[in-house]
A.B. asks: 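Here it is: the structure, laid out below.
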Amino acid sequence: SEFVLRARRSPETKRLQRLAFCLVGVPFNDEVYTPFLNGIMDECQNQQFQLSVQTLQLSSDGEVILPPALRDGNPDGIILSGFVNDDAVVFLQKAGIPFVVLGNYELKTPVVSVRIDLRRAGALIAGQLLDRGHREIAFVMVTLKHAYERELLDGVREAHALCGVPFSDANLLSKGGAFTPPLPFLEPFLKRNPRPTALVIANTSAADGWLTELCAAQIKVPEEVEIVSLGSTASAPRNPRYNVLNIGLERSGRLAVKRLAEMADSSPIGPSVSVLPPLDWLKANGQKQVAG
């Protein structure tokens with residue numbers, strides 16, 4: 001699918017006029033990328049840039065297939081997300097199209113990128129949980145295959161090390177790629193002794209799905225267990241012990257547009273930018289100290 005935002009332009013407008021938000025191998029109905037798109041749209045409207053969206057398909061040998069609109073020099077630059085790897089990055093560099101990578105990826109090829117400082121997020125989350133008395137903190141994820149969850153886990157481990165509290169591998173739970181069903185995954189863990197008093201869940205969609213299915217199966221999460229997940233917006237707590245942390249994906253989308261404009265102006269720009277809003281939400285919620 002494709003849409004275009006058009007606006008009247010002034011003679012002073014920067015050289016970047018048309019840009020595309022492209023997802024590699026991911027359709028735009030994937031809600032994970034919606035916050036990025038919202039931020040990109042907001043900044044394009046502010047800067048009076050034209051915006052199109054495009055899914056970039058991959059060939060059988062893994063190469064990016066460029067649609068005619070991109071091959072013919074329209075747009076002036078690309079914001080790239082989705083299944084981004086070094087092959088896709090090298091291909092676009094050879095094509096001569098300016099681009100900014102949006103999201104957390106482990107790339108060997110130097111690129112201009114906008115990342116979320118997920119290691120710091122994990123360290124701050126776990127650090128505050130430890131400060132409030134939690135000693136059995138579990139990290140729940142879909143898979144460690146992606147940098148998003150690996151970096152968050154690194155931060156959780158870092159906070160434990162700074163506080164002198166061991167992080168047991170028994171408290172590292174991986175679903176191996178599937179979001180559901182959670183019962184063989186979470187139910188035995190919630191009955192463990194010692195039982196975890198805090199769950200850090202890397203993905204809000206996964207957290208919501210798992211908790212919904214547990215509820216449907218009449219499996220109750222113990223009341224003393226505090227749950228923290230990462231999302232794109234700070235929403236009202238599902239209950240007093242379940243908080244969703246806004247990690248600023250809309251802000252990242254806006255920043256990616258600005259970085260692309262700087263590239264078009266030949267302004268100096270660093271290879272990577274970390275973005276993370278303040279984590280004050282933890283200070284306002286769940287202040288109850290955990291025994292033990």
Side-chain angles (χ1 to χ4, degrees), residues 16 19-27 30 32-33 35-37 39-40 53-67 70-71 75-123 139 141-158 161 172 174 176-177 202-203 230 247-249 251-276:
L16 177 66
L19 64 98
F21 178 39
C22 297
L23 294 181
V24 180
V26 179
D30 190 329
V32 171
Y33 300 93
F36 282 157
L37 177 58
I40 290 169
V53 298
Q54 184 75 55
T55 294
L56 301 183
Q57 303 296 337
L58 298 173
S59 66
S60 57
D61 56 3
E63 290 188 354
V64 176
I65 301 174
L66 282 182
L70 298 184
R71 288 199 309 267
D76 305 315
I78 293 173
I79 296 173
L80 193 68
S81 198
F83 295 138
V84 179
N85 55 30
D86 282 284
D87 290 339
V89 165
V90 171
F91 179 84
L92 288 175
Q93 287 177 337
K94 290 180 178 178
I97 304 173
F99 66 93
V100 171
V101 174
L102 175 56
N104 289 43
Y105 304 96
E106 291 183 351
L107 299 172
K108 297 178 181 178
T109 310
V111 294
V112 176
S113 64
V114 175
R115 300 171 60 89
I116 308 296
D117 194 347
L118 290 168
R119 183 178 183 120
R120 178 169 170 259
F139 185 83
M141 62 193 166
V142 176
T143 173
L144 276 181
K145 186 169 63 175
H146 304 300
Y148 178 96
E149 292 179 316
R150 284 200 302 273
E151 292 173 12
L152 189 68
L153 175 59
D154 286 344
V156 171
R157 292 187 185 277
E158 179 182 291
L172 176 60
S174 173
N203 184 290
L230 300 184
I247 55 173
L249 300 186
R251 185 191 305 192
S252 301
R254 292 193 292 270
L255 186 55
V257 176
K258 295 177 182 178
R259 294 295 172 261
L260 196 58
E262 290 176 5
M263 293 175 67
D265 282 348
S266 301
S267 301
I269 182 169
S272 181
V273 178
S274 294
V275 182
L276 189 69

A.B. asks: Which pair of heavy atoms, one from Cys22 and one from Ile78, lies closest together, and at what distance?
C.D. replies: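 Result for this residue pair: SG-CG2, 3.7 Å.
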
A.B. asks: Between Glu262 and Val100, is a side chain to side chain contact (heavy atoms under 4.5 Å, CB included) present by the stated rule, with each step listed?
C.D. replies: CA-CA 11 Å; Glu262 290 176 5; Val100 171; over 6 Å; no

A.B. asks: Can you name the residues that form a side chain to side chain contact (heavy atoms under 4.5 Å, CB included) with Ala161, not counting sequence neighbours?
C.D. replies: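 Per chain and number, Ala161 pairs via side chain to side chain contact (heavy atoms under 4.5 Å, CB included) with no residue.
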
A.B. asks: So, using ring-ring contact (aromatic ring centres under 6.0 Å, His included) as the criterion, who are the partners of Phe36 when residues are at least two apart?
C.D. replies: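 By the ring-ring contact (aromatic ring centres under 6.0 Å, His included) rule, Phe36 matches no residue at all.
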
A.B. asks: When rounded to the nearest 0.5 angstrom, what is the spacing between CG in Leu70 and CD1 in Ile65?
C.D. replies: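 Here the interatomic distance stands at 12.5 Å.
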
A.B. asks: Mind listing the closest non-hydrogen atom pair of Ile247 and Leu118 along with its distance?
C.D. replies: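 Nearest pair, atom of Ile247 first, then Leu118: CD1-CD2, 4.3 Å.
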
A.B. asks: Taking side chain to side chain contact (heavy atoms under 4.5 Å, CB included) as the test, write out the residues that go with Glu158, two or more places apart.
C.D. replies: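 Per chain and number, Glu158 pairs via side chain to side chain contact (heavy atoms under 4.5 Å, CB included) with Arg119, Ala123, Leu162.
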
A.B. asks: Of all heavy-atom pairs between Leu66 and Ala95, which one has the smallest distance, and what is that distance?
C.D. replies: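 Result for this residue pair: CD1-CB, 4.1 Å.
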
A.B. asks: I need the Ile116 CD1 to Ser252 OG distance, nearest 0.5 Å.
C.D. replies: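 Rounded to the nearest 0.5 Å, the CD1-OG separation comes to 3.0 Å.
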
A.B. asks: Tell me which one of Val111, Leu19, Val84 satisfies side-chain contact (heavy atoms from CB on, under 4.5 Å) with Phe99.
C.D. replies: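 It is Val111, the one option of Val111, Leu19, Val84 that forms the side-chain contact (heavy atoms from CB on, under 4.5 Å) with Phe99.
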
A.B. asks: What is the distance from atom CZ of Arg115 to atom CG of Leu255, rounded to the nearest 0.5 Å?
C.D. replies: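 Going from the CZ atom of Arg115 to the CG atom of Leu255 covers 13.5 Å.
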
A.B. asks: Between His146 and Asn104, is a side chain to side chain contact (heavy atoms under 4.5 Å, CB included) present by the stated rule, with each step listed?
C.D. replies: CA-CA 8 Å; His146 304 300; Asn104 289 43; over 6 Å; no

A.B. asks: Side-chain contact test, heavy atoms from C-beta onward, threshold under 4.5 Å: evaluate it for Leu58 versus Val64 and give yes or no.
C.D. replies: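 A side-chain contact exists here, since the closest heavy-atom pair is under 4.5 Å.
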
A.B. asks: My understanding is that only residues two or more places apart in sequence, or in another chain, count here; which of them pass salt bridge (charged side-chain N to carboxylate O under 4.0 Å, His left out) with Glu149?
C.D. replies: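 By the salt bridge (charged side-chain N to carboxylate O under 4.0 Å, His left out) rule, Glu149 matches no residue at all.
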
A.B. asks: Please report the shortest heavy-atom distance between Gly82 and Tyr33, naming the atom on each side.
C.D. replies: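 Closest pair (atom of Gly82, atom of Tyr33, distance): CA-OH, 3.4 Å.
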
A.B. asks: Atom NZ in Lys258, atom CG in Leu16: separation rounded to 0.5 Å?
C.D. replies: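 Atom-to-atom, Lys258:NZ and Leu16:CG are 13.5 Å apart.
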
A.B. asks: Side chains of Pro67 and Leu56, heavy atoms from C-beta outward: is any pair under 4.5 Å?
C.D. replies: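 A side-chain contact exists here, since the closest heavy-atom pair is under 4.5 Å.
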
A.B. asks: Tell me whether Thr55 contacts the main-chain N or O of Val26 through its side chain, where contact means a donor paired with an acceptor under 3.5 Å.
C.D. replies: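 Yes, the answer is positive, given that a donor and an acceptor are paired below the 3.5 Å cut-off.
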
A.B. asks: Determine the minimum heavy-atom distance between Pro35 and Leu249, stating which atoms define it.
C.D. replies: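 Here Pro35 and Leu249 meet closest at CB-CB, 3.6 Å.
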
A.B. asks: Any pair with a residue in residues 79-91 that passes side-chain hydrogen bond (donor to acceptor under 3.5 Å, both in side chains), sequence neighbours left out, goes on the list, sorted by first then second residue, please.
C.D. replies: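 Sorted pair list: Ser81-Tyr105, Asp86-Thr109.
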
A.B. asks: Please list, chain by chain and in numerical order, all residues satisfying salt bridge (charged side-chain N to carboxylate O under 4.0 Å, His left out) with Arg254, sequence neighbours excluded.
C.D. replies: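 If we apply the salt bridge (charged side-chain N to carboxylate O under 4.0 Å, His left out) test to Arg254, skipping adjacent residues, there are no hits.
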
A.B. asks: Just by distance, do the side chain of Tyr148 and the backbone of Asn203 share a donor-acceptor pair under 3.5 Å?
C.D. replies: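 Between the backbone of Asn203 and the side chain of Tyr148 there is no qualifying donor-acceptor contact (under 3.5 Å).
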
A.B. asks: Atom CG of Asp154 and atom CZ of Phe139: how far apart are they, to the nearest 0.5 Å?
C.D. replies: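 Answer for the CG-CZ pair, Asp154 versus Phe139, is 9.0 Å.
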
A.B. asks: In Å, rounded to the nearest 0.5 Å, how long is the span from OG of Ser113 to CD1 of Ile79?
C.D. replies: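 CD1 of Ile79 is found 12.5 Å from OG of Ser113.
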
A.B. asks: Just so I know, are the side chains of Leu260 and Asp76 near enough to count as touching, which here means a heavy-atom distance under 4.5 Å?
C.D. replies: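 A side-chain contact is absent here, since even the closest heavy-atom pair is not under 4.5 Å.
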
A.B. asks: Write down the atom of Gln93, the atom of Pro110, and the distance for their closest heavy-atom approach.
C.D. replies: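 Taking every non-hydrogen atom into account, NE2-O, 3.3 Å.
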
